[in-house]
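Report on the following structure.
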Amino acid sequence: MTLQLDDNMNLASVWEQVADNQPDALALIHGTTKRTWAQFDERASRLAGSLDAAGVGAGDNVALALYNGNEYIEAEYAAFKVRAAPCNVNYRYVEAELRYLIDNSDAKAVFFDASLAERFATIHEELSDVQLWIQVTGEGVDCADSNVPDWAVDYDALIASTPPAERIERSGDDLWILYTGGTTGNPKGVMWTHASVLTVTNRIFTLMGVEIPSSLDGVPAVVEAISELGARPCQLAASPLMHGTAGIGALMYLTCGGT
């Protein structure tokens with residue numbers, strides 16, 4: 001049977017419904033840092049506000065050169081909120097590979113780990129289409145001591161200083177981009193629509209004996225049904241989130257209201 005979803009079934013819009021329905025449930029855990037769904041949504045909304053202020057919006061792309069952490073998922077959610085497509089960047093890439101991928105993806109914003117700052121420092125001026133460089137300093141590092149380069153802004157400082165973006169209407173045709181590893185040439189961006197991700201996610205709903213919601217209005221009831229089953233799923237992202245194995249899994253588990 002073909003899965004029929006409303007045209008506005010978008011990951012950001014679904015997650016907003018989840019956050020409103022179970023604000024105190026855990027969404028993200030990394031080390032000793034835990035984010036409830038309300039905190040997850042708030043932080044992503046503030047990041048979305050910063051992307052919007054930089055002119056990043058529908059049809060644009062946002063590159064994530066990050067290690068596993070809450071920030072990776074928050075940045076994805078922020079991109080989804082403004083209808084931009086997040087795309088993965090392998091943190092093992094050196095300057096030439098980074099230059100290629102950021103240019104090839106037409107990224108308007110780049111989130112990067114502080115440990116990669118030296119690599120980007122030598123190439124950022126060549127990537128003039130990037131409107132916003134955001135450095136993630138990592139857990140337990142105060143932004144005042146993070147040595148953020150003058151061409152970038154600090155992730156947590158940006159969240160603290162930016163008002164949350166207003167919620168908007170979105171489309172199931174918005175994109176999530178997964179770059180291949182480049183084993184047969186240069187990495188290539190594989191484009192997934194949000195509707196396609198939701199279609200894949202249906203297999204988890206089916207395992208729990210719950211029907212995936214076909215509309216945004218149906219999300220709260222489904223989230224409550226999963227909670228009542230005591231079956232809210234939890235994913236351990238053992239592989240890199242910048243790889244499809246954990247990356248797609250994270251999207252699927254969060255869409256079920258999981259952690």
Side-chain angles (χ1 to χ4, degrees), residues 10-51 56 61-91 107 109-114 116 134-139 155-156 158-159 162 164-165 167 170 174-179 192 194 197-198 200-201 204 219 223 232-259:
N10 174 285
L11 289 169
S13 301
V14 171
W15 293 0
E16 287 170 351
Q17 291 289 319
V18 174
D20 291 348
N21 185 258
Q22 54 172 37
D24 298 326
L26 283 177
L28 305 173
I29 304 171
H30 180 226
T32 59
T33 301
K34 299 179 179 180
R35 306 285 187 208
T36 65
W37 268 91
Q39 293 169 329
F40 176 35
D41 184 66
E42 169 81 6
R43 289 170 64 84
S45 294
R46 290 178 178 273
L47 290 172
S50 68
L51 293 174
V56 180
N61 298 329
V62 175
L64 310 180
L66 298 172
Y67 294 93
N68 281 18
N70 295 339
E71 297 88 354
Y72 195 106
I73 306 296
E74 290 171 348
E76 280 193 309
Y77 191 8
F80 290 156
K81 279 177 173 284
V82 298
R83 302 191 61 194
C87 53
N88 56 318
V89 180
N90 192 323
Y91 47 71
V110 178
F111 290 82
F112 66 95
D113 188 85
L116 306 179
I134 304 170
Q135 176 171 294
V136 173
T137 55
E139 184 179 349
Y155 180 91
D156 286 306
L158 200 61
I159 290 175
T162 308
R167 293 183 177 181
R170 307 179 184 93
D174 291 349
L175 297 176
W176 178 74
I177 298 177
L178 177 65
Y179 265 86
W192 287 63
H194 287 223
V197 175
L198 290 169
V200 173
T201 302
I204 300 181
V219 174
V223 171
R232 186 180 292 128
C234 184
Q235 176 205 28
L236 173 62
S239 59
L241 287 166
M242 61 84 177
H243 189 277
T245 302
I248 295 174
L251 303 181
M252 294 167 63
Y253 279 69
L254 288 168
T255 300
C256 297
T259 307

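If you're wondering where the values come from, they're calculated on a predicted model, not measured in any experiment.
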Discussion item. If the condition is ring-ring contact (aromatic ring centres under 6.0 Å, His included), which residues does F112 pass it with, not counting sequence neighbours?
Written reply: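 Expected list: F120, W151.
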Discussion item. Restricting to ring-ring contact (aromatic ring centres under 6.0 Å, His included), what partner residues turn up for Y155, sequence neighbours left out?
Written reply: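 Scan of Y155 (ring-ring contact (aromatic ring centres under 6.0 Å, His included), adjacent residues dropped) gives none.
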Can you tell me how far the [atom1] atom of [X] sits from the [atom2] atom of [Y], to the nearest 0.5 Å?
X    : Y    : atom1 : atom2 : value
Q22  : W37  : CD    : CH2   : 6.5 Å
L241 : E76  : CG    : CD    : 7.5 Å
D174 : N10  : CG    : CG    : 5.0 Å
S13  : R83  : OG    : CZ    : 9.0 Å
T201 : H194 : OG1   : NE2   : 11.5 Å
D41  : Y77  : CG    : OH    : 3.5 Å

Discussion item. E71 vs F111, test: side chain to side chain contact (heavy atoms under 4.5 Å, CB included). Steps then yes/no.
Written reply: CA-CA 9 Å; E71 297 88 354; F111 290 82; over 6 Å; no
Worksheet item: Checking side chain to side chain contact (heavy atoms under 4.5 Å, CB included) for the pair L64/N88: CA distance, chi angles, key distance, verdict?
Response: CA-CA 5 Å; L64 310 180; N88 56 318; 5.9 Å; no
Discussion item. Going by the rule side-chain contact (heavy atoms from CB on, under 4.5 Å), which residues pair with E42 if we only count those two or more places apart in sequence or in a different chain?
Written reply: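 For E42, the residues satisfying side-chain contact (heavy atoms from CB on, under 4.5 Å) (neighbours in sequence not counted) are R46, P164.
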Item to complete: Return the set of residues passing side-chain contact (heavy atoms from CB on, under 4.5 Å) with P23 (not counting sequence neighbours), or none when no residue passes.
Response: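 P23 satisfies side-chain contact (heavy atoms from CB on, under 4.5 Å) with A38 only.
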Item to complete: Would you check, one step at a time, whether the test side chain to side chain contact (heavy atoms under 4.5 Å, CB included) holds for L116 with Y91?
Response: CA-CA 8 Å; L116 306 179; Y91 47 71; 4.1 Å; yes
Minimum-distance pair of heavy atoms, taken over all atoms of [X] and [Y]:
X   : Y    : result
G49 : A165 : N-CB, 3.6 Å
A84 : V62  : CB-CG2, 4.0 Å
A63 : V89  : CB-CG2, 3.8 Å

Would you check if the side chain of [X] reaches a backbone N or O of [Y] as a donor-acceptor pair within less than 3.5 Å?
X    : Y    : value
N68  : A237 : yes
N61  : A107 : no
T162 : I159 : no

Taking the side chain as everything from C-beta on, heavy atoms only, tell me whether [X] gets closer than 4.5 Å to [Y].
X    : Y    : answer
V223 : V219 : yes
L28  : E74  : yes
V110 : I134 : no

Fill in: Side chains of N90 and Y179, donor plus acceptor under 3.5 Å
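Side chains of N90 and Y179: no pair found under 3.5 Å.
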Fill in: Residue pairs fulfilling salt bridge (Lys or Arg N to Asp or Glu O under 4.0 Å) with at least one residue in residues 15-32, sequence neighbours excluded
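Every pair satisfying salt bridge (Lys or Arg N to Asp or Glu O under 4.0 Å) with a residue in residues 15-32: E16-K81, E16-R167, E16-R170, D20-R167.
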Can you give the donor-acceptor pairs under 3.5 Å from side chains of residues 243-259 to other protein atoms, not counting sequence neighbours?
{"unit_1": "H243", "atom_1": "ND1", "unit_2": "T245", "atom_2": "N", "d": "3.1"}
{"unit_1": "H243", "atom_1": "ND1", "unit_2": "T245", "atom_2": "OG1", "d": "3.1"}
{"unit_1": "T255", "atom_1": "OG1", "unit_2": "W15", "atom_2": "NE1", "d": "3.1"}
{"unit_1": "T255", "atom_1": "OG1", "unit_2": "L251", "atom_2": "O", "d": "2.7"}
{"unit_1": "T259", "atom_1": "OG1", "unit_2": "L26", "atom_2": "O", "d": "2.7"}

